[in-house]
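All residue numbers in this chain count up from 1 along the given sequence.
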Amino acid sequence: MTGALCSCGGDNQGQATRPSSPGSETSTPPTTATQQFVDRAKEGTGSIDLVNATDTVIFSGCLRKNKTEDPRTVGAAAFFTNLTQAEYRLVDFAYVMDTSGIRTGESVETDVGFTVLPRSALVALNSGEELLITHRYDTQPNDRGVSSITIPQGGLAIAPNQRLSIGSVSAIFPLDGSGAKVIDDSRLADGSLFQVCYSATLKRSDWVTGGRIVSYRSPYRDRSYVADPARTTAPFTSFRNTSDKPVRVYGIGSFISNLSSTEPSTHSVEVLINNQTVTTIQLPAHVPGQNSGSLPLAHPVDLTIAPGATLTVKGKVTPNRAIVFDFAAFIFADEGLTSIDENLDMLPVDFNADGYTDIVDLDSSGSFWVSLRVGQGLQNTQQEWARAVGKVDRLIALQPSQSGSVTLQATNNAGLCLNMKSVPSMARFILEYCQNAGSPSLESDIWGDFNGDGFSDRLRVDAPAKAYLVALGSATGLGPDSIWAGGYGAVEKMFVSDANGDGASDVLAEWTNASGLQCKIFYGARDRFRVEDCPR
């Protein structure tokens with residue numbers, strides 16, 4: 001196998017079938033190549049428990065989807081479990097999705113991909129187990145051909161007592177914007193609804209030419225976040241080459257999903273070496289009511305990361321308003337890269353008192369991410385419970401309150417001390433300074449480092465007075481409120497990010513009045529906000 005990465009989209013590679021009007025049932029009949037692939041996949045056995053170390057295994061079948069824990073989502077997975085003492089390599093992967101079940105007035109969002117897990121695990125989202133996940137948006141029956149990828153070099157490793165999971169989930173979003181719908185059981189009866197047929201080739205490592213490669217996920221944690229006109233960069237993870245050899249990068253896969261489905265957005269990926277952009281990958285825009293453009297499972301690149309150098313892959317998302325997004329990049333590269341400034345599984349804690357330890361991560365931007373486990377080996381999507389808290393050197397769990405709520409205490413060597421009360425029902429922490437413990441803390445409080453000094457500050461909106469009040473934090477606690485902006489009171493949504501990259505937190509505010517959607521960005525500074533209209 002050569003070092004090049006081949007990623008193909010079948011007969012329709014690089015093209016998308018566009019409906020003549022939203023909800024149109026015009027469809028493209030399956031090509032001969034597509035049908036032949038599906039017929040071969042159906043001959044496969046599905047899940048495999050490999051006991052005898054044969055040289056080559058064709059892992060293939062068709063995933064019959066059923067309802068998941070969320071009845072609005074249907075999904076399925078098949079597993080190749082390596083019970084031998086030999087390492088195996090995934091050297092290629094391909095799939096076809098049946099879209100014939102899409103009805104007029106529906107759009108369908110689908111994830112397809114593969115993950116390597118410990119033998120005992122069903123799913124994990126917190127530490128980079130996903131090797132490649134792709135996303136597609138379909139609004140009518142269509143044939144995109146066979147989507148396939150040839151893994152470069154010696155492929156991706158499945159060690160003894162690990163298993164390769166090939167899975168897919170789908171959800172229907174009516175084009176009227178009413179949100180994901182529960183699928184009627186009758187539509188699932190014959191097993192064909194959004195069925196995914198797949199084929200993967202696995203070879204015993206001594207039958208492979210070339211060293212194994214690694215898929216590095218950025219962000220290393222889960223991928224869900226809120227994008228807005230001020231926050232156009234998705235969370236990301238930077239990696240450093242900690243080996244003594246150059247690391248070659250072969251390709252980058254992109255997962256991009258607008259979870260509202262009703263809002264348009266444009267997307268790209270920036271690749272940086274030592275914080276300098278070396279290439280930009282343009283991704284298809286999301287256009288509600290139109291099939292998403294086809295894209296390769298991974299975009300081929302040819303980059304070399306010298307020892308000590310850093311690699312960063314950033315998703316760039318430009319929406320018209322604040323919407324929930326998923327973004328992840330999958331970097332196919334040699335071994336030797338190590339994540340920078342990621343603090344994963346910081347301490348064992350059970351936020352919802354269900355007997356399962358939940359996951360707490362701190363990313364490089366100072367935001368806390370939490371994933372609630374829902375059972376042995378299962379967990380919910382990780383969410384950002386507190387943004388822009390800052391550098392944290394120590395995190396401890398205080399004794400639960402009488403209500404059962406768990407409070408974490410975050411401190412650093414500069415004197416920061418924050419109590420973070422968990423509110424699982426709202427997927428957030430309510431913050432207070434340790435020095436101001438017992439002072440009123442409101443669920444509506446907005447926190448960020450608005451003056452860029454490394455300490456969290458509190459923002460409150462006095463709507464009747466149309467005043468934005470900021471209390472600055474420091475090593476001595478939280479100071480008094482002072483007016484940082486005036487003239488704006490009717491606010492429906494507020495989001496914190498460092499929109500201009502100057503180290504101070506900024507705030508995007510949205511509200512609706514007789515003139516329609518209003519959007520302002522409040523840029524942080526030393527002692528007041530600079531207010532500008534959101535870009536259009």
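- The environment of Arg394 atom CZ is dense: over 12 non-hydrogen atoms of other residues, nucleotides or ligands sit within 6.0 angstrom.
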Would you check, one step at a time, whether the test side-chain contact (heavy atoms from CB on, under 4.5 Å) holds for Val392 with Phe368?
CA-CA 10 Å; Val392 173; Phe368 278 96; 4.1 Å; yes
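- Heavy atoms only, all atoms of each residue included: Val247 and Ala333 are closest at CG1-CB, 4.1 Å.
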For the pair Thr280 and Val269, evaluate side-chain contact (heavy atoms from CB on, under 4.5 Å) and give the outcome as yes or no after the intermediate values.
CA-CA 6 Å; Thr280 299; Val269 173; over 6 Å; no
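- Salt bridge status for Lys520 with Asp533: present, with a side-chain N to carboxylate O gap under 4.0 Å.
- Side-chain contact between Phe239 and Val249: absent, with no pair of heavy atoms (C-beta onward) separated by less than 4.5 Å.
- A donor-acceptor pair is defined here as one N or O able to donate and one able to accept, closer than 3.5 Å; such a pair exists between the side chain of Ser218 and the backbone of Val313.
- Judged as a side-chain hydrogen bond (donor to acceptor under 3.5 Å, both in side chains), and not counting sequence neighbours, the contacts of Glu342 are Arg221, Thr237.
- No salt bridge links Asp506 with Arg231; every basic N to acidic carboxylate O contact stays at or beyond 4.0 Å.
- Defined by atom type and a distance below 3.5 Å, a donor-acceptor pair is missing between the side-chain atoms of Ser441 and Glu432.
- Taking 4.0 Å as the cut-off between side-chain N and carboxylate O, Arg144 and Asp138 count as a salt-bridged pair.
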Verdict with reasoning, Ile521 to Tyr523, per side-chain contact (heavy atoms from CB on, under 4.5 Å):
CA-CA 6 Å; Ile521 302 176; Tyr523 290 99; 3.6 Å; yes
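- Under the 3.5 Å distance criterion, with hydrogens and angles disregarded, a donor-acceptor pair is assigned to the side chains of Thr139 and Asn291.
- Note on ring orientation: taking the six-membered ring where Trp is involved, the planes of Trp447 and Tyr433 are tilted (angle from 30° to 60°).
- Contact annotation: the side chain of Arg387 approaches that of Ser497 to within less than 4.5 Å [non-hydrogen atoms, C-beta and beyond].
- A pairwise comparison of heavy atoms in Leu90 and Ile151 identifies O-CG1, 3.6 Å as the closest pair.
- Within the 3.5 Å criterion, the main-chain N or O of Gly355 finds a donor-acceptor partner in the side chain of Asp350.
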Is there a side-chain contact (heavy atoms from CB on, under 4.5 Å) between Cys534 and Leu508 once you walk through the steps?
CA-CA 8 Å; Cys534 294; Leu508 178 135; 3.6 Å; yes
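- The two residues Lys65 and Leu188 make their nearest non-hydrogen contact at O-CD2, 3.8 Å.
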Start with the C-alpha distance between His286 and Phe325, add both sets of side-chain angles, then the distance that settles ring pair (Phe, Tyr, Trp, His ring centres under 6.0 Å), and finish with yes or no.
CA-CA 12 Å; His286 175 74; Phe325 245 92; 7.8 Å; no
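- Of all heavy-atom pairs spanning Gly473 and Asp457, the tightest one is N-OD1, 2.8 Å.
- Taking the six-membered ring where tryptophan is involved, the planes of Trp385 and Phe429 are perpendicular, since the angle between them exceeds 60° and thus also 30°.
- Checking each of Tyr198, Phe114, Phe80 against Phe93 for a ring pair (Phe, Tyr, Trp, His ring centres under 6.0 Å) leaves exactly one that passes, namely Phe114.
- At a cut-off of 3.5 Å, with distance as the only test, a side-chain donor of Asn258 or Ser260 sits close to an acceptor on the other residue.
- The number of heavy-atom neighbours closer than 6.0 Å to CZ of Arg187, taken from other residues, nucleotides and ligands shown, is above 12.
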Test salt bridge (Lys or Arg N to Asp or Glu O under 4.0 Å) on Lys181 and Glu106 and set out the steps.
CA-CA 10 Å; Lys181 64 179 288 187; Glu106 293 181 342; 3.8 Å; yes
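- A side-chain donor-acceptor contact under 3.5 Å links Thr233 and Lys316.
- When all heavy atoms of Ser456 and Ala388 are compared, the closest pair comes out as OG-O, 3.9 Å.
- Nearest heavy-atom pair, Ala78 versus Leu63, reported as atom, atom and distance to 0.1 Å: N-CD2, 3.6 Å.
- Looking only at side-chain heavy atoms (C-beta outward), Asn241 and Leu311 stay at 4.5 Å or farther from each other.
- Note that CD of Glu443 is 4.5 Å distant from CD1 of Ile430, once rounded to the nearest 0.5 Å.
- Using a 4.5 Å heavy-atom threshold, the side chains of His135 and Asp326 count as separate.
- Remark: side-chain polar atoms of Gln162 are not paired, donor with acceptor, to backbone N or O of Val116 under 3.5 angstrom.
- Between Asp334 and Tyr250, the closest side-chain pair of non-hydrogen atoms falls below 4.5 Å.
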